[in-house]
Amino acid sequence: MALEENLTRRQVLRAAIGGAAGLVLAGGTRVFGAQADGVRLKADTTTAEVLRLADDLFVIRIPGEANVVAHTSSAGVLLVDGGSARAADAVMKAVAGLPGGGQVYTLFNTHWHPEQTGLNEQIGKAGKTIIAQENTRLWLAADVTWPWNGQTFKRLPKVAQPNKTFYDKGQLDSGIRYGYIPDCAHTDGDLYVHFPQQNVLAVGDVISGEGWPAVDWTTGGWVGGMVGGLQRVLSLTNEKTRIVPGRGPVLGLEDLKKQFDMYQTLYDRLTQLLNKGRGPSEAVEAKPAKEFEPQWGNSDEFVRRSFESLWAYLSPDA
């Protein structure tokens, strides 16, 4: 099902982030000063936090949900990811409260997971554009079962599937650019959306701002791809770029360098365990991520899935 891509590894690490932003509460008028690395305000499950990156660019945050990026213009609102289906009402309420907002006219799916595609059916029924990398469309048109826990994700109805797909890169009339991240950092259909005027890059779950990411090797993701994906994202930035991850605060150069070093270290350690003939449970028992747990939490599930992803990529017959 997946496209065949060479897993290239760009070696350019360049700077990212800088400047200040403002935090606007959806449904309110108060504006709070906030640094670009994020200010978290308490919110209940029906209230969105809205981080203002520019006069026309925002990050919508709902507790327990993935980040949603919103760009406003005379054409309406463009969204990068739409949150889960249970958050759809809260997302749309936040969108309606944005300065200069309007109707959603385009929705990007950074990948196929339901945490990002919960608005697809609503946007599709409205006859609007849903953009995704072709592999993401293929996964959304199929039933997917995760073998590690038996969880099944049913295919989306036709109207909810992406209606505009691409293989490499593209650009909207507004100048907003998007492209494929072929390293398979999270899935084999990851994309980025670049807002050049605001110098902001939205990357979905290719990068996590908080907690260990899910390693979805069933649909192409693997731990080596996390290393490659970080390199690729950094190669697309400059010293002032702000990077919006799938979850957590907007990240900067030092954050991404630390993540790159961490995942490179873990990739090396897990590869060594694989080469010694160890299995997933033995990899977990070895505690290869122990020193990172104070910041990222218990790593057992991440280590197990990462090791299994090595099997899938490096030892497919194991």
Side-chain angles (χ1 to χ4, degrees), residues 21-32 34 38-73 75-132 136 140 153 156-157 159-164 176 178 191-193 195 198 200 202-205 208-210 244-250:
L23 189 68
V24 183
L25 292 183
T29 58
R30 293 181 297 165
V31 178
F32 299 86
V39 167
R40 299 182 186 182
L41 301 182
K42 291 183 179 179
D44 60 35
T45 56
T46 61
T47 303
E49 301 172 349
V50 181
L51 176 67
R52 185 174 62 195
L53 301 178
D55 289 343
D56 58 357
L57 191 63
F58 309 86
V59 180
I60 299 172
R61 295 170 172 167
I62 297 171
E65 293 288 330
N67 289 329
V68 174
V69 177
H71 176 259
T72 60
S73 69
V77 181
L78 176 147
L79 298 178
V80 181
D81 287 331
S84 69
R86 67 176 176 271
D89 289 343
V91 169
M92 294 306 289
K93 181 179 178 181
V95 167
L98 293 176
Q103 297 294 316
V104 175
Y105 70 95
T106 294
L107 170 66
F108 279 93
N109 292 157
T110 59
H111 59 290
W112 72 269
H113 287 164
E115 295 92 337
Q116 278 76 22
T117 56
L119 271 184
N120 277 35
E121 187 164 359
Q122 182 174 339
I123 300 303
K125 286 181 176 178
K128 307 305 181 181
T129 302
I130 304 173
I131 302 176
T136 292
L140 289 172
F153 305 91
L156 294 187
V159 71
Q161 296 171 21
N163 50 41
K164 180 179 180 180
I176 295 171
Y178 53 94
L191 66 76
Y192 67 83
V193 180
F195 300 89
Q198 301 82 1
V200 170
V203 296
D205 282 337
S208 175
E210 59 183 14
V244 183
R247 294 182 184 272
V250 177

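Keep in mind that what you see is a predicted model, and the values were worked out from it rather than measured.
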_Heavy-atom side-chain contact between I131 and V193 under 4.5 Å_ = no
*How about L78 and S73: do any of their side-chain heavy atoms sit closer than 4.5 Å?*
no
*Does a side-chain heavy-atom distance below 4.5 Å link T117 with T136?*
no
*In chain order, what residues pass the ring-ring contact (aromatic ring centres under 6.0 Å, His included) check against F108, with sequence neighbours excluded?*
Y178
_Counting C-beta onward and ignoring hydrogens, is there a side-chain heavy-atom pair between T129 and Y105 closer than 4.5 Å?_
no
*Contacts of Q116 that satisfy side chain to side chain donor-acceptor pair (under 3.5 Å) - sequence neighbours left out*: H111, D205
*Side-chain (D81) to main-chain (V68) donor-acceptor, under 3.5 angstrom*: no
*Is a side-chain N or O of N67 found less than 3.5 angstrom from the main chain of P245, in a donor-acceptor match?*
yes
_Would the distance check show the side chain of Q161 and the main-chain N or O of L156 forming a donor-acceptor pair, the cut-off being under 3.5 Å?_
yes
*So do K128 and V104 actually touch side chain to side chain, heavy atoms under 4.5 Å?*
no
*asked:* Is any side-chain heavy atom of R61 closer than 4.5 Å to one of P249?
replied: yes
*Kindly write out the residues that satisfy side-chain contact (heavy atoms from CB on, under 4.5 Å) with V200, not counting sequence neighbours, or none if the list is empty.*
L53, L57, F195, Q198, R242, V244
